[in-house]
Engineer: 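Please find one structure pasted underneath; my questions will follow.
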There are 4 protein chains.
Amino acid sequence: MTSADRPDGPRTGGSRPDGSRPGGGRTGRPRSAEADRAILDATRAALVELGWGKLSLGDVAARAGVAKTTLYRRWAGKNELVVDAVAALFDEQLHLPDLGSLTADIEGVVLRFAALLERPETKTALMAVVAESTRDEALRDRIRSAIVDRQKRLVLLGRERAQARGELPRESDPESAARNADLIFDVIAGAVVHRALVSAEPVDGEWARGFTTLLVVGLAGALPD
Amino acid sequence: MTSADRPDGPRTGGSRPDGSRPGGGRTGRPRSAEADRAILDATRAALVELGWGKLSLGDVAARAGVAKTTLYRRWAGKNELVVDAVAALFDEQLHLPDLGSLTADIEGVVLRFAALLERPETKTALMAVVAESTRDEALRDRIRSAIVDRQKRLVLLGRERAQARGELPRESDPESAARNADLIFDVIAGAVVHRALVSAEPVDGEWARGFTTLLVVGLAGALPD
Amino acid sequence: MTSADRPDGPRTGGSRPDGSRPGGGRTGRPRSAEADRAILDATRAALVELGWGKLSLGDVAARAGVAKTTLYRRWAGKNELVVDAVAALFDEQLHLPDLGSLTADIEGVVLRFAALLERPETKTALMAVVAESTRDEALRDRIRSAIVDRQKRLVLLGRERAQARGELPRESDPESAARNADLIFDVIAGAVVHRALVSAEPVDGEWARGFTTLLVVGLAGALPD
Amino acid sequence: MTSADRPDGPRTGGSRPDGSRPGGGRTGRPRSAEADRAILDATRAALVELGWGKLSLGDVAARAGVAKTTLYRRWAGKNELVVDAVAALFDEQLHLPDLGSLTADIEGVVLRFAALLERPETKTALMAVVAESTRDEALRDRIRSAIVDRQKRLVLLGRERAQARGELPRESDPESAARNADLIFDVIAGAVVHRALVSAEPVDGEWARGFTTLLVVGLAGALPD
DNA sequence: TATTAACCGAGACGGTACGTCGGGTCTTGTA
DNA sequence: TACAAGACCCGACGTACCGTCTCGGTTAATA
């Protein structure tokens with residue numbers, strides 16, 4: 001999945017499956033896909049150089065070789081733009097290769113997530129948009145669909161694999177299964193983010209091992225109840 | 001603990017309780033302690049109404065009935081001011097009453113921490129200053145000493161109590177003990193923050209119970225190794 | 001006289017009544033004569049509502065139910081469009097009916113010219129295009145041929161009638177006669193415009209009478225020399 | 001009279017005689033008189049280089065070495081600023097030295113006024129602000145008090161001198177005297193402006209002579225009625 | 001008690017970025 | 001080929017805050 005077919009990226013339109021516009025016969029000059037790409041690239045570059053606080057949309061437009069109006073036609077503001085720009089990184093970087101055991105899978109995803117958080121563009125942007133989202137429902141939804149839900153899928157996939165391997169029991173109640181997945185997700189993502197950004201300590205192999213042990217033991221002992 | 005003896009809170013000096021100054025014979029009109037209080041109150045009020053993004057120092061000064069100059073004499077900028085303003089809330093809210101068992105203690109602290117995060121002034125401010133701190137070493141230190149370290153003390157205290165009760169084994173290696181405390185802290189604080197602000201789901205009794213079970217089981221099984 | 005045969009009105013071609021083109025075998029869809037009319041009407045309407053300063057070509061196009069492209073195909077810019085739009089008014093409004101005496105003729109033309117200047121579309125547009133023309137030779141020529149020269153013809157016609165009636169002497173030197181006509185034209189048009197737009201006082205019968213007396217006495221006494 | 005004591009120049013304040021502010025105890029940092037001067041100078045320079053149409057307030061501020069906000073604190077927009085900037089030229093340039101006769105006085109003022117209109121900053125600005133004033137009452141008042149009334153005083157002064165010399169009769173009815181002064185003013189100013197800016201022909205000695213003759217003859221013959 | 005130095009309010013200052021608007025050009029699909 | 005639609009680049013707009021600075025005036029410790 002690339003940024004091209006992500007739902008709700010552009011400000012208007014809402015990307016129907018067939019690409020048509022609501023008004024009926026799509027008319028006028030179509031939007032430049034090249035501009036979209038250039039803007040998102042420029043946003044990431046500016047994030048690296050300047051950080052969230054000093055990032056200005058005028059500067060992004062200039063870097064992208066694009067007029068400010070072109071940028072505002074597609075995104076409502078800094079928050080929306082940055083969410084889309086970093087979401088693309090989550091697309092590229094987060095996978096869950098089968099490493100053969102639950103422990104290895106968790107350690108793997110922890111380290112890959114930590115590596116993503118180490119990148120200056122994510123480090124500076126992620127907390128900032130989350131902070132803004134506390135006051136902006138639409139932004140919260142955008143973050144959820146563009147970033148959070150994709151991470152959560154990894155948890156579901158990892159659990160399924162562990163169950164297939166017999167490392168975790170199958171859960172009969174689907175509601176409680178969903179609750180458990182949410183819990184595990186918040187624990188993993190929360191611990192890694194907190195370690196990396198709040199405590200500002202490295203998420204290295206040692207830490208990942210300790211954390212994973214704690215979690216796997218907890219899961220094995222707690223979930224069956 | 002008040003803002004008076006917090007290290008490096010005010011920009012210069014630091015208004016000792018007796019009003020004296022370190023340099024010896026400095027004269028002139030002393031700073032108004034009333035102004036300090038009014039500014040921090042106004043900051044919290046503005047955070048609630050406007051959120052981090054729309055908060056402006058000119059507006060804070062106006063609310064506090066104070067000139068902008070007075071504000072800048074005491075704080076270097078928005079970040080520093082907000083850290084001090086929300087740090088005071090952490091002072092008031094974070095305690096660890098002995099509830100009789102490790103499980104009860106953890107559940108208690110999780111719920112109290114979640115309640116603090118529910119307040120609009122903390123919710124909007126905490127992530128924002130953390131985001132800024134990714135590019136500002138001094139701010140990171142200020143956050144650490146004003147907020148993080150105080151939370152971490154609760155972990156140390158809770159572990160000590162649990163060890164006294166025999167719920168957790170005493171750790172012989174002090175270095176590994178410190179690592180474990182850090183890990184537990186990141187897991188608790190991270191999970192709660194992530195649940196409350198990123199997943200934007202309520203941290204209620206049920207969630208606290210599930211999380212605490214997972215953690216206690218994990219601790220009991222994993223730490224002895 | 002309509003906009004169709006006015007020299008250089010439209011940007012290219014000039015939309016003959018029969019739709020043919022001078023170059024011979026040019027093919028393709030002919031320009032809509034309806035569009036021309038709608039654009040000029042919309043321009044005048046927009047001038048009345050918004051004045052020169054707030055007039056925008058996008059708005060004019062929208063009012064005319066026409067694409068901006070269509071507008072720019074015909075006129076080079078705001079100035080040219082407005083000159084053409086108001087020139088049409090001068091076509092309709094400026095005549096010189098023979099009122100029987102030089103005094104009556106002058107009073108008549110003064111009042112008719114003042115009435116034209118009272119119309120909001122002329123009032124706001126005329127000075128504006130003149131202002132622009134101080135920096136734009138082509139615009140100056142366009143104004144001259146579309147507006148000024150037509151007014152000046154009235155002076156020549158009026159003088160001829162007065163000479164025929166014996167109210168003014170025939171001038172032998174054609175060069176000095178032209179100079180005099182220019183002078184009289186600047187005095188009449190200038191005084192009326194200045195009274196109406198700069199002094200912003202009404203050009204009523206009383207003023208017209210006073211002005212005409214001054215002018216006729218001056219002409220009778222001064223020109224023979 | 002200089003721009004310093006001109007009424008209503010600044011946006012707020014209204015220039016009390018003692019320079020005090022309405023709110024009672026004038027407080028805060030006082031406005032820089034230097035900035036005022038620099039802005040008006042820069043405005044005239046920009047008018048010369050760019051003309052009214054291309055003049056931008058951001059550019060003026062930059063030339064003046066001043067922030068845009070400083071400019072907007074003092075003037076509401078382009079129109080007001082330019083009126084004040086050119087009004088200063090009228091102050092400096094328009095005098096009425098006694099040349100010994102009515103004819104010489106009129107010729108003198110015509111030529112001096114024409115010279116002022118030849119300057120690129122006045123040429124491009126004057127008609128433009130008049131055009132805008134047709135839709136803006138406040139601007140019209142500002143033009144009247146800053147420019148028009150000062151020119152009109154020359155007419156009154158010239159008539160008085162001519163009456164003292166016995167070239168013109170004293171007028172008994174003050175109301176009709178005022179009407180006559182207005183008429184003469186519109187004729188002189190209007191004719192010169194029209195010749196210079198609309199007809200775009202030079203106002204040289206020859207034209208001034210012809211015009212003055214026409215006017216003086218007219219005055220001598222028409223006014224006594 | 002008088003001095004005096006630092007404080008305080010008000011608000012102007014030079015900046016940077018904002019988000020919008022209009023100008024004039026271009027690229028679509030359709031007539 | 002013209003046309004409606006609308007995206008494009010560009011430049012200016014007027015506003016909001018930033019953090020600094022200058023004012024006149026106040027206030028407590030010191031001399």
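Just so it is clear: chains get the letters A, B, ... in the order the sequence lines come, proteins before strands, and each one is counted from 1.
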Engineer: Heavy-atom contacts under 4.0 Å between residues 41-50 of chain D and DNA chain E, which residues?
Structural biologist: none

Engineer: Going by the rule side chain to side chain contact (heavy atoms under 4.5 Å, CB included), which residues pair with Thr134(B) if we only count those two or more places apart in sequence or in a different chain?
Structural biologist: Lys123(A), Thr124(A), Leu197(A)

Engineer: What is the separation between atom CD on Glu34(A) and atom C1' on dC9(F), rounded to the nearest whole Å?
Structural biologist: 15 Å

Engineer: For Glu80(B) and dC18(F), what is the distance between atoms CD and C1' respectively, to the nearest whole Å?
Structural biologist: 14 Å

Engineer: Should the side chain of Arg29(D) and the base of dC13(E) be counted as holding a donor-acceptor pair, with the cut-off at 3.5 Å?
Structural biologist: no

Engineer: Has Arg73(D) got a side-chain N or O lying under 4.0 Å from the OP1 or OP2 atom of dA16(F)?
Structural biologist: no

Engineer: For Ser133(D), which residues count as a side chain to side chain contact (heavy atoms under 4.5 Å, CB included) partner, sequence neighbours excluded?
Structural biologist: Val130(D), Leu139(D), Arg140(D), Ile143(D)

Engineer: Whole Å only: how far is the CG atom of Leu81(A) from the C1' atom of dG19(E)?
Structural biologist: 14 Å

Engineer: Could you tell me the separation between the CZ atom of Arg31(A) and the C1' atom of dC8(F), rounded to a whole number of Å?
Structural biologist: 12 Å

Engineer: Where along residues 53-61 of chain D does a heavy atom fall under 4.0 Å from DNA chain F?
Structural biologist: Ser56(D), Leu57(D), Gly58(D)

Engineer: Can you tell me how far apart CD (Glu121(D)) and OG1 (Thr43(D)) are? Round to the nearest 0.5 Å.
Structural biologist: 11.0 Å

Engineer: Starting from P on dA12(E), measure out to CG on Leu71(D) and report it in whole angstrom.
Structural biologist: 14 Å

Engineer: Hey, is Arg74(A) close enough to Asp36(A) for a salt bridge, meaning N to O under 4.0 Å?
Structural biologist: yes

Engineer: Would you mind writing out the side-chain donor-acceptor pairs for residues 60-69 of chain A within the sub-3.5 Å range, not counting sequence neighbours?
Structural biologist:
from: Arg63(A); atom 1: NE; to: Asp59(A); atom 2: OD2; distance (Å): 2.8
from: Arg63(A); atom 1: NH1; to: Glu49(A); atom 2: OE2; distance (Å): 3.2
from: Arg63(A); atom 1: NH2; to: Glu49(A); atom 2: OE1; distance (Å): 3.1

Engineer: Verify the contact: side-chain N or O of Thr70(C) to OP1 or OP2 of dA4(F), cut-off strictly under 4.0 Å; return yes or no.
Structural biologist: yes

Engineer: Whole angstrom is fine here: how far is it from OH in Tyr72(A) over to P in dC9(F)?
Structural biologist: 15 Å

Engineer: Using the test salt bridge (charged side-chain N to carboxylate O under 4.0 Å, His left out), find all partners of Glu80(A) that sit at least two apart in sequence or belong to another chain.
Structural biologist: none

Engineer: Which parts of residues 62-69 of chain C get close to DNA chain F, meaning a heavy atom less than 4.0 angstrom away?
Structural biologist: Gly65(C), Val66(C), Ala67(C), Thr69(C)

Engineer: Who passes side chain to side chain donor-acceptor pair (under 3.5 Å) against Arg37(B), sequence neighbours left out?
Structural biologist: Glu34(B), Asp41(B)

